[in-house]
Number of protein chains: 2
Amino acid sequence: MKHPLKQHIEEIIKLTDEEFKFILSHFETIKKRKHQYLLQKGEIADKEYWIVKGCLKSYFFEESGKEHILQFGMENWWITDYESFVKQSKSKINIDCIEDCELLYITFENREKLTKEMHKMERFWAKKSKFGRIALQNRILSLLKNSSKERYDLLLEQYPKLFQRVPKKLIASYLGVSRETLSRLNS
Amino acid sequence: MKHPLKQHIEEIIKLTDEEFKFILSHFETIKKRKHQYLLQKGEIADKEYWIVKGCLKSYFFEESGKEHILQFGMENWWITDYESFVKQSKSKINIDCIEDCELLYITFENREKLTKEMHKMERFWAKKSKFGRIALQNRILSLLKNSSKERYDLLLEQYPKLFQRVPKKLIASYLGVSRETLSRLNS
DNA sequence: AAAAATTTGTGCTAAATATCACACGCTGAA
DNA sequence: TTCAGCGTGTGATATTTAGCACAAATTTTT
C-alpha cells in the first residue's frame with residue numbers, strides 16, 4: 001500500500017520509491033493528544049507538520065480574550081505558522097490539537113536541506129506555496145463579498161466533515177462571527 | 001544608475017549585470033492610461049506586471065454591483081491575478097489603472113522559461129510567493145481581529161501615500177466597509 | 001471658464017451583528 | 001450516580017454598519 005504522504009506529494013510531482021524514501025527520511029513521526037499544542041505564541045515555528053490523523057486549529061487571542069481561528073487542519077493537510085516558519089521569527093499564533101493527532105513533521109533545517117538536495121521538492125513546495133496563496137486570496141474575497149450566512153454555507157459545502165468534528169463555536173471563530181449569530185444563521 | 005527592477009530583485013537575490021540583462025530580456029515595457037485595464041474578468045492572466053510608475057487596483061463586482069478591492073498596486077509592486085496566472089484559468093477579477101501607468105511585464109511562458117533557465121529566479125519567485133502568502137495571512141488576521149476603524153488606521157499607517165493617491169471610496173472597498181461608514185470613522 | 005462627473009460628508013432609518021443573560025442537554029471525572 | 005463544565009440555543013437589548021438621500025466640494029472634461 002502506498003504511503004499517504006507519497007500519494008499526497010504525487011498529486012503534484014511524481015516520485016520513485018527511492019526518492020520518496022529519501023524524502024521520508026527527513027521527517028519524524030509524533031503523536032499528540034487532544035488539547036496538546038504544537039506551537040505557542042512567542043515560539044519560533046521550527047517545524048512544518050503534515051497531518052496523518054486528527055484535527056487541529058491555528059488561532060490567536062484578541063486582547064479582549066476573543067479567539068480567532070486562522071486555519072483548521074485535518075488529514076493530508078499541512079500546518080504550521082508560515083510567517084514564523086519562513087522568517088524564523090516569533091509566532092503570533094497558537095496551534096492546538098482538537099482531537100488526538102498523528103503527525104509527520106519536517107524541521108526548518110531539514111526542509112532547507114531537502115530543497116537543496118532535491119530539486120523536485122523545491123518545485124513541490126513552490127507549487128504548494130502558490131496554491132496556499134490562492135486559497136488565502138479566496139478567503140479574503142469571501143470575507144469581503146459574502147455575508148455570514150453565505151460564508152457558513154460555503155464552508156459547510158466545502159468541508160462538511162469539519163462540522164461533525166469541531167464545535168460550532170470554533171466554526172464561528174473561523175468565519176468571524178459570534179457563536180450566537182452563527183447559531184441563528186440557520187433560522 | 002541602477003535599474004529599479006534590478007534593485008528590487010536584489011532585495012532578495014544578488015545579480016551580476018549580465019544576469020540582470022538576461023532577466024530583463026524576458027520583459028516588455030508597456031504604458032497605460034488612467035481607466036485603462038490590464039485584465040478583465042473571464043480573461044486568462046497571461047502576464048505578470050511590475051509597476052514602474054503609477055497606481056492600479058485589482059477588484060471584482062458583487063452581483064449587487066458593489067465593488068470590492070483585493071489589492072492596490074504602486075511603484076515597485078507586482079500585480080496580476082495569481083490564481084488565473086498560476087492555474088492559467090479564467091480570471092474572476094479585473095485590474096485597472098487608477099493613474100497613468102508605466103509597466104514591465106513578463107508573460108507566463110517567459111516566466112516558466114526564465115525559471116528553468118535561471119535557478120536564481122526560481123528562488124526569487126519562490127520567496128516572493130512565500131512573502132505574498134504571509135501578507136495575505138496578515139490581512140485575514142486583520143479582517144478577523146480589527147474593527148473598521150483599526151483597519152483604517154493600520155492601512156493609513158502602513159501606506160500613507162495611498163490616501164493621497166486614491167479616492168476614499170476605494171479605500172473603503174479595500175477595507176470592506178461602505179464609503180459612508182469610512183467617512184464617519186474619523187469622527 | 002463653464003459644465004459635467006466624481007468624490008465626500010452627513011442626517012436619517014433599517015438591517016445585521018454583538019453582547020449579556022439564562023436554560024437545557026451532554027460528557028467526562030470523581 | 002452525581003456533579004461540574006462545556007457546548008448550544010434563544011430572548012432582550014445595545015452597537016455597529018449599511019443603505020438611501022441630498023448637498024457641498026473637488027476634479028475632469030469640453
Side-chain angles (χ1 to χ4, degrees), chain A residues 33-37 55-57 59 61-69 72 96-100 140 142-156 160-187, chain B residues 32-37 54-57 59-69 72 94 96-101 142-156 160-187:
Chain A
R33 301 260 293 287
K34 188 172 173 171
H35 296 136
Q36 293 186 310
Y37 70 90
C55 187
L56 303 98
K57 60 176 177 177
Y59 67 99
F61 289 109
E62 219 175 297
E63 302 70 38
S64 70
K66 214 193 294 181
E67 178 182 1
H68 295 284
I69 294 196
F72 289 109
D96 282 12
C97 298
I98 302 179
E99 302 171 352
D100 293 353
I140 290 172
S142 180
L143 281 167
L144 291 178
K145 183 176 70 169
N146 298 117
S147 67
S148 305
K149 172 72 171 142
E150 288 167 335
R151 295 205 302 281
Y152 177 87
D153 290 339
L154 286 168
L155 189 68
L156 182 55
K161 281 175 209 156
L162 199 62
F163 288 73
Q164 292 149 19
R165 293 175 77 165
V166 316
K168 297 249 175 75
K169 54 178 274 191
L170 295 187
I171 306 275
S173 298
Y174 177 86
L175 293 173
V177 294
S178 70
R179 55 163 207 86
E180 294 95 332
T181 298
L182 185 80
S183 161
R184 280 185 261 254
L185 285 183
N186 299 312
S187 34
Chain B
K32 289 276 178 182
R33 301 258 294 287
K34 188 172 174 171
H35 296 137
Q36 292 186 311
Y37 71 89
C55 187
L56 303 99
K57 59 176 177 178
Y59 66 101
F60 66 97
F61 289 109
E62 219 177 297
E63 303 70 37
S64 69
K66 214 191 294 177
E67 179 182 0
H68 295 284
I69 294 195
F72 289 109
N94 306 287
D96 282 13
C97 298
I98 302 178
E99 303 171 350
D100 294 354
C101 287
S142 180
L143 280 168
L144 291 177
K145 182 175 71 169
N146 298 118
S147 67
S148 305
K149 172 71 171 140
E150 288 167 334
R151 295 205 301 280
Y152 176 89
D153 290 340
L154 286 168
L155 189 68
L156 182 55
K161 280 175 208 156
L162 199 62
F163 288 72
Q164 293 148 20
R165 294 175 78 166
V166 316
K168 297 249 175 75
K169 55 178 272 189
L170 295 187
I171 306 274
S173 298
Y174 177 86
L175 292 173
V177 294
S178 70
R179 55 162 208 86
E180 295 94 332
T181 298
L182 185 80
S183 162
R184 280 184 263 252
L185 285 182
N186 298 313
S187 34

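Letters go in sequence order (proteins before strands), and every chain restarts at 1. Worth knowing before you read on, the calculation uses all heavy atoms, side chains too, and leaves out hydrogens, waters and symmetry mates.
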Sub-3.5 Å pairs of nitrogen or oxygen atoms, protein against nucleotides 22-30 of chain C:
none

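Atom CG of Leu185(B) is separated from atom C1' of dA18(D) by 13 Å (rounded to the nearest Å). Atom NZ of Lys168(A) is separated from atom P of dC6(D) by 19 Å (rounded to the nearest Å). In this structure, the CZ atom of Arg184(B) is 12 Å from the P atom of dG19(D), given to the nearest Å. For Leu182(B) and dT10(C), the CG to P distance is 13 Å, given to the nearest whole Å.
At a cut-off of 3.5 Å, with distance as the only test, no side-chain donor of Tyr37(B) or Asn94(B) sits close to an acceptor on the other residue.
Ser147(A) comes within contact range of no nucleotide atom at all, as no heavy-atom separation falls under 4.0 Å.
Between Lys66(B) and dG19(D), a side-chain N or O to OP1/OP2 separation shorter than 4.0 Å is present.
Nearest nucleotide to the Lys34(B) side chain, out of dT28(D), dG9(D), dG19(D): dT28(D). If you check dG9(C), dT19(C), dT17(D) against the side chain of Thr181(B), the one that comes closest is dT17(D).
Rounding to the nearest 0.5 angstrom, the gap separating the CZ atom in Arg179(B) from the CG atom in Leu182(B) is 10.0 Å.
None of Phe72(B), Tyr152(B), Tyr59(B) except one satisfies the ring-ring contact (aromatic ring centres under 6.0 Å, His included) rule with Tyr174(B); the exception is Phe72(B).
An end-to-end axis angle of 50° holds for the helix from dA1(C)-dT30(D) to dA30(C)-dT1(D), taken from five base pairs per end and rounded to 10°.
Within the 3.5 Å criterion, the main-chain N or O of Lys34(B) finds a donor-acceptor partner in the side chain of Asp100(B).
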